[in-house]
There are 2 protein chains.
Amino acid sequence: MNAILDSFDDISKAAPEPIYQQIKKTIQRRIESGDWIAGQKLPSENDLVVALDVSRMTINRALRELTQQGLIKRVHGLGSFVAEAPRHASLIELQDIALEIEQDGKHHSSQVLSLDTVAASPQIAAQLELPEGSQVYYLRAVHLQDGLPIQLESRYVNPLAMPEFIGQDFSGVTATAYLLQQFKPDEMEHRVRAVMPDRAQRELLAMEDGEPCLQLTRRTWSDDQVVTYVTLTYPGNRHELGARYATNEYQLR
Amino acid sequence: MNAILDSFDDISKAAPEPIYQQIKKTIQRRIESGDWIAGQKLPSENDLVVALDVSRMTINRALRELTQQGLIKRVHGLGSFVAEAPRHASLIELQDIALEIEQDGKHHSSQVLSLDTVAASPQIAAQLELPEGSQVYYLRAVHLQDGLPIQLESRYVNPLAMPEFIGQDFSGVTATAYLLQQFKPDEMEHRVRAVMPDRAQRELLAMEDGEPCLQLTRRTWSDDQVVTYVTLTYPGNRHELGARYATNEYQLR
DNA sequence: GCGCTATACTTGTATATACAAGTATGTTAC
DNA sequence: GTAACATACTTGTATATACAAGTATAGCGC
C-alpha cells in the first residue's frame, strides 16, 4: 500500500498548478502507463489526506473529476477503483446537411418529392418499432448543393411521436432541422454502408452509371419511442463523411 | 435580474436530490428551453448564495459542473455566461477491426501482403506532411472474418515518428493495435467514402463485379507529426460502420 | 486628456468540519 | 445455525471561511 502512496511525491502546495490538478495528473499517469491496473483499489480519501497533508475536499474534487472522466469508478461505502480501459473510439460527426453545406460557404436548397401517410411494410414497421401495417409518415426529398444534387432523403416518421410532421412545409427548413427543433433525441443509431443506387436514385442524384453511393441510416429515439428512421444517400464521388478532432475534444462515457 | 432569480423557486434542502443537482437542473432547463440565451450573464455566485440561502461551495460545484458540460462559460473575475449552443453532432465509432470482429464472437485473422520502405508520392507525402520523395513505410494487409476477407488495409507510416514499425511482425497483432500501444494519438482525421474497387482490390476482397466498397481513411497525429495515414477498404455488402448511443454517452467540447 | 491607483465585484482554490448513507465484517442474542 | 445488531471504514454532500487573482470602473493627480 505504501508503494502506491509513494507515487504522490511530487505534490507541491507552492506550485502554480492547483493541488487537485496535480493529484489528478499523478493518478492519470499511473493509470495510463498501465502501472495501476483495472479494478485495483485506490487509497481512500482519508489515506490521501494523511499522506499528502491536503484537505479531504481537495482530494475529493480530484477523484470526483477523474470519475467524471471515466478513469476511475467510485462505490459509495466501498472505495475507489481503477476503471476498465475505455474502448478506443474514434468518431465521425454527422450533422444536418443544410448546415454542413452552408458552413462550406455554398448554397443549400431542397426539393420535396413526396410527403404522405403510408402503411408501414414489415421492414419499416420493425425499424420504427411499430406494429406491422401501422400508418406512418413518409417523406422523400433531394438536397442540392449549389444546384447539384448531393443527398437523397427517405424518411419515415412515427405519427404517434410527431403528429404535426405531416402538416409541415419542408421547402424552407429541412426535416432534420425541424425535428431537432421539436424534440431532444435521447438515443441514436447510425449505420454507414456503400451501395449501388437503383436507377431512380441514380437519376435523382444525377449520377453516372457504375458510381456507388454512400448510404447513412439513422434511427432516433425519444421517450423510448423511435421517432424517425431516415436513409440518406450520397453520391460517392461528390460527398464524403469526415471529421478531424483533437482526441480530448470528445469523450465517451 | 430578479426575474432570473425567481427561476430558482423549487430548490429544496429536504429533497432527496442533492442541492447542487437541483441547481444544475434548474439552470439547464432554462438554457435548453431557450429561456436564457447564449451570452446572457448568469447571477453571480454570491447572488445565488443570498437568493437560495445555500453555501457558495454548493453553488460553485453546480456551476463548475455545468461548465464542464459546456452549458455555461465562466470568466475569472467577470462572471458566468450562457454558452453558445453546441453543434448538434452525431457520432460514429470506429475501432480496431480485430477487436470489432472478436466482439462479434467471430474469428479474426490477417495476412500481410507487403511491408516495405518506399519513396512517398507527392500525394502520400502531402498526407503525411513530409517532403516529397521521403522514405516511408508502407504496409498492405488483408483482414479476414471467419476466413472471409472483410478489410483491406493500406497504411503509410512516418519513419521519423515510428522507426520500429518496419521491423515488426504483424501476423499476430494488427498494425492498428501495435500503433495504439506505441503512442497516444492526440489528433485524428477521418473520411468515409463510397468507391468502386479496382480489380486487384476486388480480388483480394473476393468481391463480385459491380459491388461498391466503403473506404475509410484516417490520419493520426502525435506531437504535431502525422504518424500514420491509412486507407481501409471494406466490401460494401459485407460490412457497415455504425453505432448506437444514448445522446448523453458522448460529449463534444 | 492621460495614466495611475484604489475599489468593488467576480471566479478559482484550499481548508476544517460535519453529518448522511452505503458496504463489509465481526459480535451477540436466540 | 441464523438473524439482528454494532462497528469501522468508505464515499457523498453541505457549510463557513479564507485568501488569491482576474476584470472593470470610478476617481484622483498631473
Side-chain angles (χ1 to χ4, degrees), chain A residues 1-2 4-5 8 10-27 31 36 39-83, chain B residues 1-2 4-5 8 10-27 31 36 39-83:
Chain A
M1 203 51 130
N2 245 348
I4 291 187
L5 289 176
F8 293 91
D10 42 353
I11 305 295
S12 150
K13 297 199 186 185
E17 199 178 19
I19 302 177
Y20 79 93
Q21 272 289 1
Q22 299 180 47
I23 298 175
K24 280 180 67 178
K25 283 199 180 170
T26 304
I27 296 176
I31 293 179
W36 295 357
Q40 181 170 342
K41 186 170 182 182
L42 269 67
S44 77
E45 295 191 354
N46 280 318
D47 290 345
L48 290 171
V49 165
V50 174
L52 308 188
D53 188 32
V54 159
S55 155
R56 193 191 140 208
M57 284 308 290
T58 301
I59 293 174
N60 181 270
R61 174 166 178 184
L63 295 180
R64 186 148 37 82
E65 293 190 2
L66 286 172
T67 305
Q68 288 166 349
Q69 291 175 21
L71 262 92
I72 66 175
K73 291 214 179 296
R74 316 192 75 197
V75 183
H76 191 173
L78 245 184
S80 305
F81 307 86
V82 177
Chain B
M1 203 50 131
N2 244 345
I4 290 185
L5 289 176
F8 292 92
D10 42 353
I11 305 296
S12 150
K13 298 198 185 182
E17 199 178 20
I19 301 177
Y20 79 93
Q21 272 289 0
Q22 298 180 46
I23 297 175
K24 280 179 68 177
K25 283 199 181 170
T26 304
I27 296 175
I31 293 178
W36 295 356
Q40 181 170 342
K41 188 170 182 184
L42 269 67
S44 78
E45 295 191 354
N46 279 319
D47 289 346
L48 290 171
V49 165
V50 174
L52 308 189
D53 189 32
V54 160
S55 155
R56 192 188 141 210
M57 285 308 291
T58 302
I59 294 177
N60 182 271
R61 174 166 179 184
L63 295 180
R64 185 150 36 82
E65 293 192 2
L66 286 172
T67 305
Q68 289 166 348
Q69 291 176 19
L71 263 92
I72 67 177
K73 291 215 178 298
R74 315 191 76 196
V75 183
H76 190 172
L78 246 185
S80 305
F81 307 86
V82 177

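A note on names: the letters A, B, ... follow the listed sequences, proteins ahead of strands, and every chain is numbered from 1. Everything numeric in this text was worked out from a predicted model, so none of it was measured.
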With E45(B), which of R61(B), R64(B), R56(B) fulfils salt bridge (charged side-chain N to carboxylate O under 4.0 Å, His left out)?
R56(B)
Calculate the interatomic distance between E45(A) atom CD and dT13(D) atom P; express it in whole Å.
11 Å
Whole-Å distance between dG12(D) P and N46(A) CG?
13 Å
Do any side-chain nitrogens or oxygens of S80(B) fall under 4.0 Å of OP1 or OP2 in dT11(C)?
yes
Are R61(A) and dA14(C) close enough that a side-chain N or O sits under 4.0 Å from OP1 or OP2?
no
Whole-Å distance separating the CE atom of M57(A) from the P atom of dG12(C)
16 Å
Check: D47(A) side chain, S44(A) main-chain N or O, donor-acceptor pair, under 3.5 Å:
yes
Expressed as a whole number of angstroms, how long is the span from L42(B):CG to dT11(C):C1'?
13 Å
Using a 6.0 Å cut-off, check whether atom NZ of K13(B) has over 12 heavy atoms from anything other than its own residue.
yes
Using a cut-off of less than 4.0 Å, is there contact between a side-chain N or O of S55(A) and OP1 or OP2 of dA14(C)?
no
Position toward the 5' end of DNA chain C (nearest nucleotide), Q22(A) or L78(A):
Q22(A)
Using a heavy-atom cut-off of 4.0 Å across all strands, would you classify I19(B) as base, sugar-phosphate, or nothing?
sugar-phosphate
Within the structure provided, determine whether L42(A) and I27(A) are in side-chain contact (heavy-atom separation under 4.5 Å).
yes
Here the distance between atom C1' of dG12(C) and atom CD1 of I72(B), to the nearest Å, is 14 Å
With side chains defined as the heavy atoms from C-beta onward, is the minimum distance between I23(B) and L66(B) less than 4.5 Å?
no
Does the side chain of Y20(A) get closer than 4.0 angstrom to OP1 or OP2 of dA14(C) through an N or O atom?
no
K13(B) side chain N/O closer than 4.0 Å to the phosphate oxygens (OP1, OP2) of dT15(D)?
yes
Rounded to whole Å, please give me the gap between CG in L52(A) and C1' in dT15(C).
15 Å
Side-chain N,O (T58(A)) to OP1/OP2 (dT15(C)) below 4.0 Å
yes
Under 4.0 Å between a side-chain N or O of R74(A) and OP1 or OP2 of dG12(D)?
yes
F81(A) CZ to dC9(D) P: how many Å, rounded?
16 Å
Is it the case that the base of dG12(C) and the side chain of R56(B) share a donor-acceptor contact (distance under 3.5 Å, atom types as modelled)?
yes
Between dG22(C) atom P and H76(A) atom NE2, what is the distance in whole Å?
6 Å
